[in-house]
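Quick notes on the structure that follows.
Chain letters run A, B, ... following the sequence lines, proteins first, then strands; residues in each count from 1. In this text, all values refer to a predicted model and were calculated from it rather than measured experimentally.
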Amino acid sequence: MIKAILIFNNHGKPRLSKFYQRYSEDTQQQIIRETFHLVSKRDENVCNFLEGGLLIGGSDNKLIYRHYATLYFVFCVDSSESELGILDLIQVFVETLDKCFENVCELDLIFHVDKVHNILAEMVMGGMVLETNMNEIVTQIDAQNKLEKSEVRLRDSIMSFNLKHDHNISMMCNLCCLSFNTILYTAACL
Amino acid sequence: MSDVVERTLSALPGLLGQHDPGAGPGGGPGRVSATSRLGGLIRSITALSSKHEEEKLIQQEQTNLKATVSAPTTTLRLMKECMVRLIYCEMLGYESSFGYIHAIKLAQQGNLLEKRVGYLAVSLFLHENHELLLLLVNTVVKDLQSTNLVEVCMALTVVSQIFPREMIPAVLPLIEDKLQHSKEIIRRKAVQALYKFYLIAPNQVQHIHDKFRKALCDRDVGVMAASLHIYLQMIKKNASGYKDLTESFVTILKQVVGGKLPIDFNYHSVPAPWLQIQLLRILGLLGKDDPRTSELMYDVLDESLRRAEINHNITYAILFECVQTIYTICPKSDLLEKAAKCIGKFVLSPKINLKYLGLKALTYVIQQDPNLALQHQMTIIECLDHPDPIIKRETLELLYRITNGQNVTVIVQKMLDYLRQSKEEYTIINLTGKIAELAEKYAPDNEWFIQTMNAVFSVGGDVMHPDIPNNFLRLLAEGFDDEKEDEQLRVYAVQSYLSLLEEEDAFYPQKFLQVMSWVLGEYSYLINDGDPEVIITRLHRLLKQTFVTSETKAWIMTAITKMSSRMSCSKTVDKLIQEFSTSLDTCMRQYAFELKHLCENKELMKKLLPLDASCDEIMVDASLSFLDGFVAEGLGSGAAPYKPHHQRQEEKLSQEKALNFEPYGLSFTSSMSSSGFTGRQSPAGLSLGSDMSGNSAEIGQKETNCLKLDGVRKLWGKEGYLPKKENKTGKEDKTQPVPPDSILMGHVVDPPLMQSEQQVVSLSEEEKEKQQLASTLFVGLGSNSTISLMGRADTITQKLKKKSKISETQNSEEASSFQNTATLPFSPLPDTAPNNNKENFQGNEHLRLRKVSLSSSEVLEASVSFDTSQSLTEAGLDEKLSNCRLSTSSLFADSNIEVFQPPQNVPDIVASKAPLSLCLPEELAGHPHSEIVALCSRDILTVYSCKVWTDDCSLLVLFVANNSTSPLKTVNLVFESTEHFKIFESLSCHFPVIEAQSIESCQKCVQLEKVCTEGILSGSISYHLETDTHLEFSLTFSLSDFIRPMKITTEDFGRLWLSFSNDVKQNLKMSPSQGSLSIALNALKQKLKLHIVEIIGNEGIAACRLLPSIPCLLHCRTHARTLALWFRSSCSALPDSLLYQCQKVMEES
């Protein structure tokens, strides 16, 4: 099981933290700090596996990390995960981010934390690897975005036409993929 | 990949101005403002220099946010932006609990985009036990029912992340439905959500195990892959239950390896590598210690090894798993050879990650194949000096595994070197433990041992595990076999500590100082040349040091006290007393006064502090019997007897009715016997038990009535703790030191010639050094060594073997307490069984029942007559089978995969009729019992089992039939101990001889220790006939085996109902055939042995107890084709499991 996924930059500033096991707020911060401390002092030409942050739980757990330019991607996993498998999973994750953000950089992670979390949720669910196929993930994310975007567009058009509670709005907005329920619901909200 | 992230943070302020938010998808007008506000926050944070300023800024930001989110005019869109900012604050470690409720609201009310952020915030902010999470349940339920895929996906994701355990029943049916959803992504997420439920509440999803099987056969590979997570977990827990699936997993892996999956699943042209890894792990678990199952997977493992040749990271991942699996399952020589070659590839690889894994694999394999370490010894030596500390540590781990008496000094030296360089706490704790263990096991001489432990103590300091100093001191105190040796070790320790303390300003960790002071206090008299005055002066000097903590000071003071008891008078001690009797530290002052008074009475002091008596047992009167007189006096003068807290509560409850002439319900007896006196072995409970065994059930009822007061009086009566005292004396007799059986290690064997030494002709200086190191490290390894690594734990020649005195005492203590408690489960119940029966299994371990001749027909009748559990499971299996067959046709129908045949899960138990006829002993035959079935059989011996459900216990009767024509000797039947079940009186059963063609039987009373719906009890039988033969068997017990009706009145029910806190509610659908409440309840009564207390209209109440007497109450109500079940019990796990049983019954009827 994956216990936690952390992304921080070269200065130890957290860019994303996702815990799949319960830790208290303070422990989480301590884990981030300790992990950064452990990872940052390692050279470039050493192995990508690290054992034994004390906090994240003793000998069964290990840290698997990759360093890309300004960012560290760290996965804390227990012994039921394959080390090399996770290492490539990080690669898939970064490549997916790159595809979704079109040439990803640290700023994307800062300003679109929610999007990054969504992408991550497609790959890892409740600590288990859900999907490892990049194209599949991108397709899922695109589909969701399209749906959401169309909803936003729908709302904008409602606002511009100032048409409230108009059920025919779906026709105007040319939305075929949106379910009728959602439209009703959105219209009622406004 | 490094070109992906080029822009660095240093460019941040400049970039912020023109950063185009359109880079991310969905750039509405809302996005700009969100970005700019968040941007403002981040910009100002980056501009700050100190943590303090950041705190101030965030606090201000939080105040702003708080105002915004709680303002009623805030739109959901604005709320969404606020949430993103809150997420950012939380990530930096600033708790923003004021926003949690708004996150939930957002998830409830927002449109898709807002809802998503709401859910995200909830899953980041809250944890499983957070009280606000209950508010989310409704939203989740609504979204699960939504027709919008995205909403369903979001709900499933949040469920698999955090969901309150007790609310699972609310969403479970909805998620089960999703397993049939047409979209594979939904099915897959539903499987993941169920996996989460399985992890947090396995009992609640037990009834859908068939559906997991369906998911495994899903036509979509993704869904199948998701279900593997569940199977991996379940197989980890109980591999034997899923052996029948081995063939399926092998077939799937074959298809994956053979490239039968759609091309989409390839990663760097390797077909579905993660799937392969998962499957290999599962196979490893299944094939462990099971030659038959292992047989099935040899081919596919071979193929996997062969196919994984492309030189990419991920193929190595697969190779590594293959190697691990091959070494886990039953070995096959040519596969092992290939795997060994693979390990070589890893170890010799220039890539450092692979080297790390290679070392890991070697460590794993080394115990089976020490020759492999010899092959790679030079690489291992190189890794010892590797610049990467992780590689070094892994190498040390490897060396730790191959340590023996001959190479211990070199290896421990290497470890200490590493330890001195390392600053990490984790490493220190880990390594010090290992060094201490090795030193204890293999120490070549006293000097080395003490020196090594000194190093451990001074480096390990105060972070090391407290067991290390404790074990060390125990070792010194208890000694080994040889008195002389012991003394030498102690003398050496004293000398070495004295020389360490000689240095004026040396700094030692507290633990080390404590060890030193203890040893000096105990054993300093052993050295003849040392003046105690000098030692005391040195200890005195320590007391004045500032770095010494008050705990250590207490140790030092005790040491000084011990030493001063052995000398007539000492100036230093007088000075010390004077100095500390005015100390501000109250503890020290107390010690000083104690010392002063003891010094005045040397006689008493000598008696109090005898020489070398640290191992002597000190008797502690835990029952405080010396207070008995005082208590009796108090009682005599009219004081109320003492009642424990829970008893007072119970009484309060029962006092609600002023006069109660009815007997109390069973539950009171139960709570008395189970919880009442567990703390102190109650004489009342004991005497009760013995009273009862002789008398009839009638008295049992009376006794229950006035039980509580009786118990109290006896507890504190004038006779005091008579039974207890008897126990104690018995214990003393038992604690005799057992002669230790350790063997002194032989002298060092000549190091075997190394192959490499012969091969390499000319060597450089450095290489020579390494060679030398290698020969010292790997001495005693390999084929010409005398030490077998396989069974290291038992074959090692331990030098320092501790006497097992401590565990000895514990054992006898356990035994005596067992005697006490053993009678408790059989405490009287109103409807108890005939007593002769009870005595039968209480008294003897096994009973020689009568021997039965070859054929007697009446017996067979009896064995067919009554069987519920057997037919139950068979019905379930049939259903499973049909499910599996159904799904085969649709399996992988979309992709071009051959359809594989799921295995037929025919039960292992062959319900064959006994060739020799069997019958239950007369006193048991009257009770309901299961069919007699064969458990396991070899040509000459068969074991049959039969469950007998008596009123107060579940008896397991085992028949051992000798089918051969010669008598069998020394037949031993042993049960494995499990966490779920407890077997009285012992786990084993011994038959000295079983005559030819005859049957012996034994009875065991089985009790459910830990509530579960079903559990497996396994054991083995061994016998001697020319060679020793060993047969294994296992049988399943379900919860219903341990459920008995509880006959109580409606009033009692009402009273009990209020007193229980654990409850579970569930609605079940009723089929039309089940009709009314009474039919449903009757079905439950028959299958589960419930007692129906009363039925009024569409409501009914029933009660049962889990043996020995944990009550569980059921209230049920029918309402428009649903049956609402409501369980309450004093045991938390019982309602869940019973509910599951009820569900099963309802489904079947």
>> Taking side chain as everything from C-beta outward and backbone as N, CA, C, O, which of these in A/Gln140 sits under 4.5 Å from a heavy atom of chain B? Side chain, backbone, both or neither.
In response: side chain
> Using non-hydrogen atoms only, which part of A/Ser24 is less than 4.5 Å away from chain B: side chain, backbone, both, or neither?
Replying inline: neither
What are the two closest non-hydrogen atoms of [X] and [Y], and how far apart are they?
X	Y	result
B/Leu124	A/Ser17	CD2-O, 3.9 Å
B/Met91	A/Pro14	CE-O, 3.2 Å
B/Gln161	A/Phe19	NE2-O, 3.3 Å

Under a 4.5 Å cut-off applied to non-hydrogen side-chain atoms, are [X] and [Y] in contact?
X	Y	answer
B/Phe320	A/Glu83	yes
B/Leu354	A/Leu84	yes
B/Ser160	A/Met128	no

Can you tell me if [X] uses its side chain to pair, donor with acceptor, with the backbone of [Y] under 3.5 Å?
X	Y	value
B/Asn353	A/Asn48	yes
B/Trp274	A/Gly85	yes
B/His229	A/Val129	yes

> Looking only at side chains, do A/Asn133 and B/Tyr267 share a donor and an acceptor under 3.5 Å apart?
Replying inline: no
>> Checking side-chain polar atoms at under 3.5 Å, does A/Glu51 have a donor or acceptor matched by the opposite partner on B/Tyr356?
In response: yes
> Yes or no on side chain to side chain contact (heavy atoms under 4.5 Å, CB included) for B/Ile185 and A/Glu122, after CA distance, side-chain angles and deciding distance?
Replying inline: CA-CA 10 Å; B/Ile185 183 77; A/Glu122 289 302 319; 4.3 Å; yes
>> What verdict does the side chain to side chain contact (heavy atoms under 4.5 Å, CB included) test give for B/Leu112 and A/Gln144, after you've listed the backbone C-alpha separation in whole Å, the side-chain angles of each residue and the deciding distance to 0.1 Å?
In response: CA-CA 9 Å; B/Leu112 277 184; A/Gln144 284 165 15; over 6 Å; no
> Salt bridge check: are B/Asp388 and A/Arg42 linked by an N-O gap of less than 4.0 Å?
Replying inline: yes
Let me confirm one number: the [atom1]-[atom2] distance from [X] to [Y], rounded to the nearest 0.5 Å.
X	Y	atom1	atom2	value
B/Leu92	A/Gln29	CG	CD	7.5 Å
A/Lys62	B/Ile390	NZ	CD1	11.0 Å
B/Ile391	A/Cys47	CD1	SG	4.5 Å
B/Tyr195	A/Met125	OH	CE	12.5 Å
A/Asn45	B/Lys351	CG	NZ	15.0 Å
B/Glu184	A/Glu136	CD	CD	7.0 Å

> Between A/Glu81 and B/Arg281, is a salt bridge (charged side-chain N to carboxylate O under 4.0 Å, His left out) present by the stated rule, with each step listed?
Replying inline: CA-CA 10 Å; A/Glu81 298 288 339; B/Arg281 294 219 157 184; over 6 Å; no
